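Treat the numbers as computed from the prediction; the structure is a model and nothing was measured.
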Amino acid sequence: MAKSVRIKRKELLNEPDQFISTTDILIAYISKHKTGVISVVTVLVLIVLAGVGIKYNQDVKNLRMESLYYEMEQARAAKEPKSQEVIGKMENLLTQFSDGPQKQRATLILADELYNTHAYDRAIGLYKDIIQEASPANLPYQLASVGVAYSLEGKKDYKGAIVAYKTIIESQMGFPLFHVYLSLARCYELNEDDNGALLTLREMKTKFSGHAKIELVGSRLKKLEAPA
């Protein structure tokens, strides 16, 4: 049988304490380089505090923007003031927004209100502001593009509206296109281009065969195809 090795308590106490030795080394290093260590710790603390401060300020800013956006929605939904008073209040609120998604959404609802009051040129200006600032992949860009097309149609600039509607279709932005096609066909008709309207509607009949409102396409085709 192997002879067991006995370690005397005296021998155990003579072994160096690894934890104490490491701590002593660390303390000695800090004592020797006290100024540098304090500087590093101070910088790290300041970075952490700066990060916390930036996040807090951003959160406060976002809450403020959302509050302003809510006021915009409330102003638009108000029944009592006349439309121009509503628009004036909305324009004043818009000036208080910082650049960002909330401002784009607020600009959209103001542009829509201007469109509803037939102030098409002013609406187009706001829609174009959004188009310049937003990404084509984002909904505000897509809605603003459609807003420009509708506003041009409202101005009876049918040729301009046709170009705008076709641009939306060709851009493949992912925006639902049934009503864009239908508006394009309508503008062809209003521009006295029945052939363009027919081609658009026939394309719709194939492209949107399963759409819930496909009967609208059929009725328009029957009217245009009917002998004079």
Do Ile214 and Val180 sit in the same hydrophobic cluster, where Ile, Leu, Val, Met, Phe, Trp and Tyr count as joined when their side-chain heavy atoms come under 4.5 Å apart? yes
Close side-chain approach of Gln102 and Leu68, heavy atoms under 4.5 Å: no
Nearest heavy-atom contact between Ala75 and Met90 is CB-CG, 4.0 Å
Counting neighbours of CD on Glu192 that are heavy atoms of other residues, nucleotides or ligands and sit closer than 6.0 Å, is the number greater than 12? no
Indicate the atoms forming the closest heavy-atom contact of Ser151 with Ile124, along with that distance. CB-CG1, 3.4 Å
Say whether Tyr69 and Glu73, considering side chains only, have a donor N or O and an acceptor N or O under 3.5 Å apart. yes
Honestly curious: do Ile169 and Tyr141 fall in one hydrophobic cluster under the side-chain, below-4.5 Å linking rule? yes
Separation between CD of Glu113 and CG of Leu126, rounded to the nearest 0.5 Å: 12.0 Å
d(Asp157 CG, Ile162 CD1) to nearest 0.5 Å is 9.5 Å
From Asn116 CG over to Ile109 CD1, what is the distance, rounded to the nearest 0.5 angstrom? 11.5 Å
Lys/Arg N to Asp/Glu carboxylate O, Glu133 vs Lys103, below 4.0 Å: no
Kindly compute the distance separating CG (Asp194) from CG (Leu199), expressed to the nearest 0.5 Å. 11.0 Å
Charged N to carboxylate O under 4.0 angstrom, Glu91 versus Arg122? yes
Report the relative orientation of the aromatic rings in His211 and Phe178; use parallel for angles under 30°, tilted for 30 to 60°, perpendicular for over 60°. parallel
Examine Tyr158 and Leu184 and state if one hydrophobic cluster contains both, with Ile, Leu, Val, Met, Phe, Trp and Tyr joined whenever side-chain heavy atoms are less than 4.5 Å apart. no
Tell me, do Phe97 and Thr107 make a side-chain contact under 4.5 Å, heavy atoms counted? no
Non-hydrogen atoms of Ala185 and Ala197 that approach each other most closely: O-CB, 3.6 Å
Less than 4.5 Å apart, any side-chain heavy atom of Arg186 and any of His179? no
Do Glu153 and Leu190 have side chains that approach each other closer than 4.5 Å (heavy atoms only, starting at C-beta)? yes
Correct closest heavy-atom pair for Ala161 and Ala149 would be CB-O, 3.8 Å
Evaluate Leu182 against Lys213 for side chain to side chain contact (heavy atoms under 4.5 Å, CB included), listing each step before the verdict. CA-CA 11 Å; Leu182 205 60; Lys213 295 186 178 180; over 6 Å; no
List the steps and the verdict of side chain to side chain contact (heavy atoms under 4.5 Å, CB included) for Asp112 and Tyr127. CA-CA 9 Å; Asp112 289 346; Tyr127 288 133; 2.5 Å; yes
How many angstroms lie between atom CG of Leu93 and atom CE of Met72, to the nearest 0.5 angstrom? 6.0 Å
With a 6.0 Å cut-off on the ring centroids, do Tyr120 and His118 count as close? yes
Mind checking the CD1-CG spacing from Ile168 to Leu177? Nearest 0.5 Å is all I need. 8.5 Å
Using the rule given for side chain to side chain contact (heavy atoms under 4.5 Å, CB included), can you reason through Thr200 versus Tyr188, listing the C-alpha separation, both sets of side-chain angles and the distance that settles it, and then say yes or no? CA-CA 9 Å; Thr200 302; Tyr188 273 123; 3.5 Å; yes
Arg220: which of Glu189, Glu225, Glu215 passes side chain to side chain donor-acceptor pair (under 3.5 Å): Glu189
Which atom of Pro140 lies closest to which atom of Leu108, heavy atoms considered: CA-CD1, 3.8 Å
Just by distance, do the side chain of Asn92 and the backbone of Gly88 share a donor-acceptor pair under 3.5 Å? no
Do the non-hydrogen side-chain atoms of Lys222 and Ser219 ever get within less than 4.5 Å of each other? no
